[in-house]
*Asks:* 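Let me give you the structure first, and then I'll get to my questions.
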Amino acid sequence: MPSTTHPRAQRDNSIRSERVPLDWMIMGWLCFLTLAVLAIVLVAVDALGSSAKYLYHTEDSHAASAYPVKEYLLPENEPLSDFGYLHPEFLYKPDSSSQFSPPARVVEFYAPWCPHCQHYKPKYIQLAKKIKAVHPSMEFHAVSCVAHHEICKQQEVNSYPTLKFFKEGSYENMPMKFVNVNAKSVLALMGYEDKISSLANEDEHEDKSHNNIAKETDTKQSARVIPFQNHEVSDSWHDASLSFEFALQHGIYMSNGPLSEKEKDAFKEWLELLSKALPPQMQRTRETVTVLLKNFDTASHSQKEMLKLITGGFGTNEDKREWRTCTNEDNKIGYTCGLWQLFHVISVGVVEYNMHNEPIPTRHASETLRNYILHFFQCDVCRMHFLNQYDSCELDVCHRLSDKPSTSEHEWREFPMWLWETHNTVNDRLLRDRFFQNGEPKANEWESQQARWPSLFACPNCWREDRSWEEDRVYEHLHKVFWAGNPLRIKIDTTDGFRKSDTVSSLSFSWKLAGFGFALALLVAWIFKSRKLVSQTGRHKKF
């Protein structure tokens, strides 16, 4: 007997048969959109890694055409010189067959991680605007020494920022003290004294316009106080390790040829201190230090030989590795913050080392740190502030630290405590400088307290009611953040990106995004599969 189907059931079956292809079509489009968004995010991540190398570059072609400062970018097809580095025509004389004659120009060499370079950016832009207003043919260039390290070495740039001045048709730099640079002095140096009178009216208002420079060129600097990020000890170790590696690539060799004798002594003492004071969990950094010490003569001969010892050549994507807690707003290179992390780690590490070994004199540790900054930290203003403070015995460093071995843990702790106090004076000075640059009111008491570390929120026991420090609690906090942490939560990146290929570490974030996208696609598929099943079984109906 032939089976009969109720008309309503036939209609439901027909609707379901039409709905299933439609459901799969919608699911396919959603998966496609998910992958498209993922691809856009990955491109954005790559763009951020590139922009971190520059201060003056803008992707806006219209804005770039009106921008007074020309950022020298990594060119795609420009040939290398015989020495293996690029040779832009505003710095290097072309071959004899070329008829090119360069205009008068100013070139700034900078590092995007350098705080003073960041502060000087609006001043340099303003200088370019004022001079080009009366002499449009003069050019203003900017060269990032992170993107163009070899050019900066060839130009013997050993501090940031460095300005060089070239007359029209000349490739010979004319020196001028940085503090004397202004529109009048630059025009006079270039031989354009007749243009200076046009600047008179503008210079009368220079002080009034100074407060608006930063706001005009970089409105993102308007935040009053940037709060410190809470982080685990593994984050401190990661950022410290990354800054150590960054310094080996960009800070040790600032010119071609071997290190000087003083630089050799400072570098070797620095490595020896690291070998004793680094925590065992920073295995990659410790191994690198060991290799450099065992082959120190080779490492101190040239940057190329040093990098061969520890990497066999850096991977092409090494610039994409990220600091975890040391970036904010437009600052994508957390080098200085990570370097402070490294200083704090070894300061606590000296106390730990002294508990089980022949004690390191605290003054020897501080002198090693001082000499490292003198020779290998190129932010000129930052370096001079630190050296002046140390050499003038501020914070009583000349008395609280001893050049003789001690068996007292209290005396050992003076080293990390002095460094912590020094760091807070830097934080306070940078806050005051930023407010001055932006033409903002001076910091109030609360803002000054927020600029110091640890904050009241991060360590309430570190602060007394009168807002003075409870120093024993501060040291405990230093020990927790930079040494001990919580062992159950410590996660160390075991990817040996310094000795092996950097591909794994540089693509870790991309793989996380890819994993997220794949998981989202599976979720969408599961939802539509469930919907299909409910539609087929009729469990969605009410009885």
Side-chain angles (χ1 to χ4, degrees), residues 236-237 239-254 258-303 305-311 338-378 383 386-387 390-391 397 401-407 409 411-416 418-419 422 478 482-483 498-499:
S236 298
W237 293 339
D239 287 357
S241 176
L242 193 53
S243 286
F244 170 75
E245 298 172 5
F246 188 91
L248 292 180
Q249 299 171 70
H250 301 285
I252 304 301
Y253 283 90
M254 299 307 296
L259 298 177
S260 68
E261 291 303 317
K262 290 184 177 180
E263 289 172 337
K264 285 182 181 179
D265 291 342
F267 190 34
K268 189 170 186 179
E269 288 183 353
W270 169 246
L271 293 174
E272 289 173 344
L273 181 63
L274 289 174
S275 70
K276 298 174 181 178
L278 287 174
Q281 292 90 339
M282 291 181 65
Q283 181 180 357
R284 182 173 74 188
T285 306
R286 292 179 66 91
E287 290 177 355
T288 300
V289 169
T290 300
V291 170
L292 292 174
L293 284 173
K294 286 183 177 179
N295 303 274
F296 187 75
D297 288 342
T298 302
S300 60
H301 185 262
S302 72
Q303 183 180 39
E305 294 301 317
M306 180 184 70
L307 296 184
K308 280 184 178 180
L309 285 172
I310 53 183
T311 65
L339 194 61
W340 274 111
Q341 303 265 37
L342 180 59
F343 293 165
H344 287 299
V345 168
I346 64 174
S347 72
V348 178
V350 166
V351 179
E352 292 292 317
Y353 179 87
N354 286 355
M355 289 181 178
H356 309 286
N357 303 276
E358 181 69 25
I360 302 170
T362 52
R363 188 59 185 264
H364 172 74
S366 68
E367 285 287 327
T368 299
L369 191 61
R370 180 236 182 240
N371 292 335
Y372 178 82
I373 292 174
L374 170 64
H375 293 290
F376 305 117
F377 189 68
Q378 282 73 39
R383 175 176 58 197
F386 181 91
L387 296 177
Y390 183 88
D391 294 344
V397 65
L401 303 183
S402 174
D403 56 2
K404 297 179 181 180
S406 170
T407 58
E409 182 179 350
E411 293 184 13
W412 300 336
R413 288 188 179 191
E414 286 296 326
F415 176 49
W418 160 77
L419 185 67
T422 299
L478 289 170
F482 297 111
W483 193 268
F498 212 44
R499 295 187 161 279

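Every value quoted in this text rests on a predicted model; they were computed, and no experiment measured them.
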*Asks:* Mind listing the closest non-hydrogen atom pair of Asn354 and Ile360 along with its distance?
*Replies:*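 Looking at all heavy atoms of both residues, the closest pair is OD1-N, 2.7 Å.
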*Asks:* What distance separates Leu273 CG from Leu278 CG, expressed to the nearest 0.5 Å?
*Replies:*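 Rounded to the nearest 0.5 Å, the CG-CG separation comes to 8.0 Å.
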*Asks:* So, does Gln249 use its side chain to make a donor-acceptor pair with the main chain of Glu245 at under 3.5 Å?
*Replies:*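 Checking the backbone N and O of Glu245 against the side chain of Gln249, a donor-acceptor pair under 3.5 Å is found.
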*Asks:* First locate atom CD of Glu414, then atom CG of Leu401, and finally report the distance between them rounded to the nearest 0.5 Å.
*Replies:*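 Result: 7.0 Å between the selected atoms.
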*Asks:* Once rounded to the nearest 0.5 Å, what's the spacing between atom CZ of Arg284 and atom CG of Leu242?
*Replies:*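 If I round to the nearest 0.5 Å, the distance is 7.5 Å.
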*Asks:* Mind checking whether Glu272 and Leu293 have side chains closer than 4.5 Å, heavy atoms only?
*Replies:*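 Yes, close enough: below the 4.5 Å cut-off.
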*Asks:* So Lys276 and Asn357, do their side chains get closer than 4.5 Å, heavy atoms only?
*Replies:*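 Asn357 does not reach Lys276 side chain to side chain.
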*Asks:* Is there a side-chain contact between Val348 and Phe415, using heavy atoms and a 4.5 Å cut-off?
*Replies:*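 Not touching, per the 4.5 Å side-chain cut-off.
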*Asks:* Keeping the roles fixed (side chain from Tyr253, backbone from Ser300), state whether a donor-acceptor pair exists under 3.5 Å.
*Replies:*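 Present.
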*Asks:* Give a yes or no answer on whether the side chain of Ser366 reaches the backbone of Arg363 with a donor-acceptor pair at less than 3.5 Å.
*Replies:*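 Confirmed, Ser366 side chain pairs with Arg363 backbone.
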*Asks:* Considering residues at least two apart in sequence or located in another chain, which fulfil the side chain to side chain contact (heavy atoms under 4.5 Å, CB included) criterion with Pro361?
*Replies:*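 Side chain to side chain contact (heavy atoms under 4.5 Å, CB included) check on Pro361 returns His364, Pro405.
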*Asks:* Return yes if a side-chain donor-acceptor contact under 3.5 Å exists between Glu287 and Gln283, otherwise no.
*Replies:*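 There is such a pair between these side chains.
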*Asks:* Given side chains that start at C-beta, do those of Tyr390 and Ile373 come closer than 4.5 Å, heavy atoms only?
*Replies:*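 Of all side-chain heavy-atom pairs linking Ile373 with Tyr390, none is under 4.5 Å.
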*Asks:* Any donor and acceptor pair, going by atom type alone, linking the side chain of Gln378 with main-chain N or O of Gly251 inside 3.5 Å?
*Replies:*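 Here the side-chain-to-backbone pair exists.
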*Asks:* Which residues satisfy the side chain to side chain contact (heavy atoms under 4.5 Å, CB included) test with Ser402, sequence neighbours excluded?
*Replies:*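 Partners of Ser402 by the side chain to side chain contact (heavy atoms under 4.5 Å, CB included) criterion, ordered by chain and then number, come out as Thr362, Lys404.
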*Asks:* Is the backbone of Phe482 close enough, under 3.5 Å, to the side chain of Trp237 for a donor and an acceptor to pair up by distance?
*Replies:*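 Yes; at least one donor-acceptor contact below 3.5 Å.
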*Asks:* Distance from Glu269 atom CD to Asn371 atom CG, nearest 0.5 Å?
*Replies:*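 Answer rounded to 0.5 Å: 6.5 Å.
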*Asks:* Just jot down the side-chain hydrogen bond (donor to acceptor under 3.5 Å, both in side chains) partners of Ser275, sequence neighbours excluded, or say none.
*Replies:*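 Not a single residue meets the side-chain hydrogen bond (donor to acceptor under 3.5 Å, both in side chains) criterion with Ser275.
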*Asks:* Just wondering, do Trp340 and Thr422 contact through their side chains at under 4.5 Å, heavy atoms?
*Replies:*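 Yes, close enough: below the 4.5 Å cut-off.
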*Asks:* Got a second to check how far His375's NE2 is from Trp270's CH2, nearest 0.5 Å?
*Replies:*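 Answer rounded to 0.5 Å: 13.5 Å.
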*Asks:* Using atom types as modelled and distance alone, determine if a side-chain donor or acceptor of Trp483 lies under 3.5 Å from a backbone N or O of Gly349.
*Replies:*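 No: the side chain of Trp483 does not pair with the backbone of Gly349.
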*Asks:* Give, for atom NZ of Lys308 and atom CG of Asn295, the distance between the pair rounded to the nearest 0.5 Å.
*Replies:*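 Spacing of NZ (Lys308) from CG (Asn295) equals 13.5 Å.
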*Asks:* Do other residues, nucleotides or ligands put more than 12 heavy atoms under 6.0 Å from Lys268 NZ?
*Replies:*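 Atom NZ in Lys268 is not packed in, count stays at 12 or less.
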*Asks:* Listing request: all salt bridge (Lys or Arg N to Asp or Glu O under 4.0 Å) pairs with a residue in residues 342-353, at least two apart in sequence or in separate chains.
*Replies:*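 The answer is none; no pair qualifies.
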*Asks:* List for me each residue that meets side chain to side chain contact (heavy atoms under 4.5 Å, CB included) alongside Asp391, sequence neighbours excluded, and say none if there are none.
*Replies:*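 Side chain to side chain contact (heavy atoms under 4.5 Å, CB included) check on Asp391 returns Arg370, Leu387.
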*Asks:* Got a sec, which residues hit side-chain hydrogen bond (donor to acceptor under 3.5 Å, both in side chains) with Thr285, two or more places apart in sequence or on another chain?
*Replies:*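 If we apply the side-chain hydrogen bond (donor to acceptor under 3.5 Å, both in side chains) test to Thr285, skipping adjacent residues, the hits are Ser241.
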*Asks:* Which of parallel (below 30°), tilted (30 to 60°) and perpendicular (above 60°) describes Phe246 and His250?
*Replies:*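 Because their plane-to-plane angle lies in the 30° to 60° range, the rings of Phe246 and His250 count as tilted.
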